[in-house]
Enquirer: 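Just passing along the structure, written as structure tokens.
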Amino acid sequence: MTESGSPVCGSAMAIADAAELVRKAKRAVVLTGAGISTPSGIPDFRSEGTGLWSREEPLEVASLTTFRVAPERFFQWFRPLAGQIFYAEPNAAHVALAKLEEAGHIQTIITQNIDALHQKAGSKCVVETHGTLRTLTCTRCYRKFEAELYLKRFINDGQPPICLQCNGILKPDVILFGEQLPHAAWVQAQRAARQCDLMLVAGSSLEVLPVAGLPMQALDRGAHLIIINNTPTYVNVRADVVIMNDVASIIPEIAKRALHG
Ligand SMILES: [Zn+2]
């Protein structure tokens with residue numbers, strides 16, 4: 001272990017230290033962001049210069065206002081992303097986290113991602129703070145539908161999904177800009193953060209509130225903190241271990257050591 005305030009950076013020792021913390025933890029929570037899904041081919045639309053997203057302004061087009069006023073514009077923007085997410089496969093980091101959960105080393109995964117790649121990898125306890133693309137809700141009659149069939153059709157023909165009961169437009173259950181977080185998921189995420197003895201942040205720059213505040217809630221109650229991300233975060237100075245590297249290569253290493261010594 002390193003002294004608090006002097007985190008280890010990007011070395012084999014940091015991986016060993018992280019694995020040791022994971023092995024010793026009784027209630028470990030993982031917080032994941034876009035960085036864990038980029039190796040699966042899903043662009044981080046909040047990052048500048050990622051091709052697809054630089055053409056339109058996501059803050060404007062991916063907003064609740066645009067969805068209400070001009071849903072066809074939203075769906076046109078959303079179509080390539082929906083396709084990328086729908087056909088994406090979990091990567092080595094998702095798989096390693098699922099194995100750690102199965103072995104009892106991880107209690108909960110809190111994710112800011114809407115791609116369900118943790119579930120595809122086999123993770124069971126996943127809290128989706130920014131919603132999910134697995135379901136759609138009718139904007140008129142509020143019925144909920146499994147997204148698969150509707151999304152497949154939408155990705156193919158570009159026509160916005162329509163409710164079979166009332167002809168209302170179906171909205172993906174993802175949180176758009178200007179929309180509240182899903183209440184139950186947020187309560188669950190906060191509870192997990194406050195009760196954990198270790199939080200592992202993977203692939204999140206911790207820039208989007210309120211989720212970005214969860215590591216502080218964990219730290220304030222004495223939890224250990226591991227940060228694995230390509231860029232610095234505001235809580236790096238308080239972390240036990242910081243690894244500034246690609247999550248898809250680091251997390252499998254940590255899992256291997258935690259599971260097999
Ligand atoms: Zn309806």
Side-chain angles (χ1 to χ4, degrees), residues 32-34 36-37 40-46 52-53 55-90 94 108-192 208-211:
T32 66
I36 198 168
S37 292
S40 289
I42 299 171
D44 175 6
F45 66 81
R46 288 187 173 87
L52 182 63
W53 312 109
R55 276 181 247 144
E56 285 258 24
E57 175 50 71
L59 272 172
E60 197 267 319
V61 75
S63 69
L64 191 59
T65 309
T66 299
F67 189 89
R68 284 187 177 143
V69 176
E72 68 290 341
R73 233 192 104 214
F74 166 83
F75 278 108
Q76 192 185 6
W77 170 82
F78 187 57
R79 192 175 169 195
L81 176 62
Q84 275 168 316
I85 292 177
F86 190 75
Y87 293 107
E89 292 294 334
H94 296 104
T108 305
I109 295 175
I110 302 168
T111 187
Q112 297 169 282
N113 301 332
I114 57 165
D115 52 40
L117 290 181
H118 287 300
Q119 292 92 328
K120 278 190 188 173
S123 286
K124 300 282 184 280
C125 187
V126 182
V127 180
E128 297 167 301
T129 56
H130 290 171
T132 179
L133 199 54
R134 289 178 299 151
T135 53
L136 310 166
T137 299
C138 177
T139 51
R140 198 180 286 165
C141 74
Y142 300 105
R143 279 191 180 84
K144 214 181 249 298
F145 298 89
E146 288 294 325
E148 191 168 348
L149 279 178
Y150 292 94
L151 273 187
K152 234 180 207 170
R153 203 176 304 150
F154 162 63
I155 292 162
N156 284 335
D157 67 13
Q159 295 301 309
I162 297 294
C163 176
L164 293 174
Q165 306 286 331
C166 78
N167 282 334
I169 290 180
L170 300 181
K171 178 186 168 295
D173 288 337
V174 300
I175 301 308
L176 302 179
F177 293 104
E179 212 173 357
Q180 296 285 321
L181 299 197
H183 181 71
W186 179 235
V187 168
Q188 209 183 337
Q190 286 190 96
R191 191 183 302 132
V208 184
L209 287 167
V211 174

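Counting convention: from 1, in listed order, for ligands and their atoms alike. In this text, all values refer to a predicted model and were calculated from it rather than measured experimentally. Both backbone and side-chain heavy atoms feed into the values below; hydrogens, waters and symmetry mates do not.
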Enquirer: I'd like to verify the contacts: list protein N, O or S atoms under a distance of 2.8 Å from the Zn ion (ligand 1).
Expert: C138 SG, C141 SG, C163 SG, C166 SG
Enquirer: Short question: side chain of N113, backbone of A34 - any donor-acceptor pair under 3.5 Å?
Expert: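 Pair found, side chain donor or acceptor close to backbone of A34.
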Enquirer: Look at the aromatic rings of F67 and F74 and report parallel, tilted or perpendicular, splitting at 30° and 60°.
Expert: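 Because their plane-to-plane angle is over 60°, the rings of F67 and F74 count as perpendicular.
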Enquirer: Take a 6.0 Å sphere around CD of E72 and say whether it holds more than 12 heavy atoms from other residues, nucleotides or ligands.
Expert: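 Buried by this count: over 12 neighbours within 6.0 Å.
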Enquirer: Among Q188, Q112, H118, R134, find the one that has a side chain to side chain donor-acceptor pair (under 3.5 Å) with E128.
Expert: R134
Enquirer: Under 3.5 Å, is there a donor-acceptor pair between the S63 and T66 side chains?
Expert: yes
Enquirer: Can T137 and D173 be counted as having a side-chain donor-acceptor contact under 3.5 angstrom?
Expert: yes
